[in-house]
Chemist: 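One structure follows; several queries about it will come next.
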Amino acid sequence: MFSLIGLTWALSSNAFLVMGDMPYTPIDEMNLAPTGALGKKIKTTEHAFLIHVGDMKSGSEPCKNELLEKNKQLLTSLTTQPFIYTPVTMNGLIATEKI
């Protein structure tokens, strides 16, 4: 969680990162790890916040809390800045599982 002041500052910045449609595979997980290509790039790129625009599992995987929690933990570990997740599935429906 972050404060209202922190959120206001983050949203007023013009430096932010956007990602989505991952992690789907073990290769995505490796790339998003702290030593992975994307993990390193995110850590070294100045940003006020990171937003994930949804779809953090492949369509063939069941929508289970364990998987969503694992992927959420991986994604939130990418930054010390505020992390914003929009829980929308590929078909545009809001996820109903607790994240």
Chemist: If you take all heavy atoms of Leu67 and Pro62, which pair is closest and at what distance?
Modeler: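 Scanning both residues, the minimum pair turns out to be CD2-O, 3.8 Å.
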Chemist: Can you confirm whether Lys43 is buried at NZ, in the sense that more than 12 heavy atoms of other residues, nucleotides or ligands lie under 6.0 Å from that atom?
Modeler: yes
Chemist: Partners of Ser60 by side-chain hydrogen bond (donor to acceptor under 3.5 Å, both in side chains), sequence neighbours excluded?
Modeler: Ser58
Chemist: Quick one: are the ring centres of His52 and Tyr85 less than 6.0 Å apart?
Modeler: yes
Chemist: Considering all heavy atoms of both residues, which atom of Gly20 and which atom of Val53 are nearest to each other, and what is their separation?
Modeler: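 Smallest heavy-atom distance, with atoms named: CA-CG2, 3.9 Å.
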Chemist: Has the side chain of Ser77 got a donor or acceptor atom that lies under 3.5 Å from a matching backbone atom of Leu74?
Modeler: yes
Chemist: Quick one: does Asn31's side chain have a donor or acceptor within less than 3.5 Å of a partner on Leu38's backbone?
Modeler: no
Chemist: Side chains of Leu50 and Ile84, heavy atoms from C-beta outward: is any pair under 4.5 Å?
Modeler: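 When only atoms from C-beta onward are counted, Ile84 and Leu50 do not touch, as no gap falls below 4.5 Å.
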Chemist: With Lys70, which residues qualify under side-chain hydrogen bond (donor to acceptor under 3.5 Å, both in side chains), at least two apart?
Modeler: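 Lys70 satisfies side-chain hydrogen bond (donor to acceptor under 3.5 Å, both in side chains) with Glu29 once adjacent residues are dropped.
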Chemist: Shared ILVMFWY cluster between Met30 and Met22, side chains joined below 4.5 angstrom?
Modeler: no
Chemist: Does some side-chain heavy atom of Pro34 sit less than 4.5 Å from a side-chain heavy atom of Lys40?
Modeler: no
Chemist: Could you tell me whether the side chain of His47 reaches within less than 4.5 Å of the side chain of Ile42, counting heavy atoms only?
Modeler: yes
Chemist: CD of Gln81 to CZ of Phe16: how many Å apart, nearest 0.5 Å?
Modeler: 14.0 Å
Chemist: Identify the two heavy atoms, one from Pro82 and one from Ala48, that lie closest to each other, and give their separation to 0.1 Å.
Modeler: CD-O, 3.2 Å
Chemist: If you measure from CG on Leu78 to OG1 on Thr45, what distance do you get to the nearest 0.5 Å?
Modeler: 11.5 Å
Chemist: Can you get from Leu17 to Leu32 by hopping between Ile, Leu, Val, Met, Phe, Trp and Tyr side chains that sit under 4.5 Å apart?
Modeler: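 Yes; Leu32 is reachable from Leu17 via cluster members.
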Chemist: Looking at OG1 of Thr79 and CZ of Phe49, how far apart are the two atoms once the value is rounded to the nearest 0.5 Å?
Modeler: 11.0 Å
Chemist: Are Met19 and Leu68 grouped together when hydrophobic residues (ILVMFWY) are joined by side-chain heavy atoms under 4.5 angstrom apart?
Modeler: yes
